[in-house]
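What follows is one structure encoded as structure tokens, with my remarks underneath.
Source: prediction; values computed, not measured. For ligands, and for the atoms within them, numbers begin at 1 and follow the listed sequence. No hydrogens, no waters, no symmetry mates; every other heavy atom, side chains included, goes into these values. Along the sequence shown, the residues carry numbers beginning at 1.
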Amino acid sequence: MSVQTLHTSTGPPALDDAQTAQFERSGFLVLPGFLPNDLVTRVKQEVDTWVDTGLRARSIAAVLDHAAHGAPDVLEFDLPGHGELLTHRPLLDVVGRLLGPGFGFHHMHSDRHAPDLPGKGWHHDYEQRSTSRRTHTMVHALHYLDGIDPDMAGLAVLPGSHREVADKTARAHLGTDVLPREVYLGKLPAGSTVLLHSALFHARRAKPQFPGRPRYFVDASYCEAGALWPPVKPYWREMLRRARRLGLGGADWPDLFAEHHFSEYTRPE
Ligand SMILES: [Fe+2]
């Protein structure tokens, strides 16, 4: 299967039935050029600020050693374009179609991948730890602000693997190897979003032989209501409080930053 054969969207307000069915079957949706140009431009500038002024490094330190650092002074969504991206109405309409009403924001990351950044082996990012069932859905919205060029790292996904009940690292021994049933996304226009069921196995396949442009990458994840989701940031309560104080999303998604979606934070082993 190539990406051209997939049912894709160029930015309607929500998904049609065929797209929803495809997401359920394959575990991902490609939305080429989904984001408006002006939003992409602003978020890209903010990614540069986030990386170049040390805000990203501080955010990572706060996760690794919360006792020493506390919550970061600036979170990703404190940058106005990032806050707008997190709550971009067409995106939340799509997420709502996949997760149903009342879904919550889980976390956001922002980065600028240098051309020589190593790949990331096959893994998934589903946060429920139960090894027996997958009752609730979590999605990751992967935003490729500058798109993906053939000489940049691409995204490999394994269609249908979100229906397996497997550890995040169950395919780690495969590194970033090409797998028989994979779909490889190696070329996307600017402002493209790929929606993954968070349990879908995927890999970032690096191309260190090409010293090209950096890859601007922001991801935000959302979780279905009705389950307790383990947070990934020790300062998750403060994060949600600050999002509510900023009024992100307005009144249309009242549960988006609610604490009731979450269990207590525990440090990964
Ligand atoms: Fe991932």
Side-chain angles (χ1 to χ4, degrees), residues 3 23 26-31 34 43 47 50-51 56 59-60 63-64 76 82 85-86 91 94-95 98-99 103-115 117-131 134 136-148 152-179 181-186 188 192-208 214-224 229-233 236 268-269:
V3 67
F23 180 84
S26 303
F28 70 101
L29 272 179
V30 183
L31 304 172
F34 181 69
V43 177
V47 173
W50 181 252
V51 173
R56 179 172 181 273
S59 166
I60 293 170
V63 172
L64 295 178
E76 288 88 340
H82 280 64
L85 176 62
L86 193 165
L91 174 66
V94 168
V95 171
L98 300 175
L99 299 185
F103 61 88
F105 164 69
H106 196 278
H107 68 278
M108 185 178 214
H109 290 134
S110 177
D111 200 2
R112 188 183 61 205
H113 294 158
L117 183 74
K120 187 168 182 182
W122 288 100
H123 69 286
H124 73 69
D125 296 303
Y126 186 69
E127 291 296 337
Q128 290 290 349
R129 312 254 163 90
S130 164
T131 54
R134 292 276 157 79
H136 290 73
T137 301
M138 176 177 184
V139 299
H140 274 64
L142 312 183
H143 302 295
Y144 296 94
L145 303 174
D146 251 355
I148 300 180
M152 286 179 185
L155 173 69
V157 299
L158 195 57
S161 58
H162 62 301
R163 293 195 299 267
E164 299 172 13
V165 178
D167 246 27
K168 287 182 174 183
T169 57
R171 287 185 168 85
H173 61 287
L174 300 170
T176 61
D177 288 357
V178 176
L179 302 187
R181 292 183 300 107
E182 75 167 41
V183 170
Y184 181 70
L185 304 173
L188 289 174
S192 291
T193 298
V194 180
L195 279 169
L196 295 190
H197 187 300
S198 304
L200 188 78
F201 278 89
H202 58 284
R204 180 179 69 232
R205 191 166 294 138
K207 297 194 177 164
R215 197 175 77 151
Y216 286 82
F217 178 71
V218 177
D219 73 279
S221 59
Y222 307 85
C223 46
E224 184 178 347
W229 294 88
V232 291
K233 313 260 190 188
W236 64 277
E269 291 158 13

What distance separates T169 OG1 from H123 NE2, expressed to the nearest 0.5 Å?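 These two atoms lie 11.0 Å from each other.
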Test ring pair (Phe, Tyr, Trp, His ring centres under 6.0 Å) applied to F217 - qualifying residues, sequence neighbours left out: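 Once residues adjacent in sequence are excluded, the partners of F217 under the ring pair (Phe, Tyr, Trp, His ring centres under 6.0 Å) criterion are H113, Y144.
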Any non-hydrogen side-chain atom of H136 less than 4.5 Å from a side-chain atom of W229?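 Side-chain contact under 4.5 Å: yes.
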Spell out the protein N/O/S atoms under 2.8 Å from the Fe ion (ligand 1) as residue plus atom name.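 The answer, once waters are left aside, is H123 NE2, D125 OD2, H202 NE2.
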Has the side chain of T193 got a donor or acceptor atom that lies under 3.5 Å from a matching backbone atom of F34?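 No, the answer is negative, given that no donor and acceptor are paired below the 3.5 Å cut-off.
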Return the orientation label for the F201 and H124 ring planes: parallel under 30°, perpendicular over 60°, tilted otherwise.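 F201 vs H124 ring planes: perpendicular.
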Mind checking whether H143 and H109 have ring centres under 6.0 Å apart?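 Centroid distance H143-H109: not below 6.0 Å, so no.
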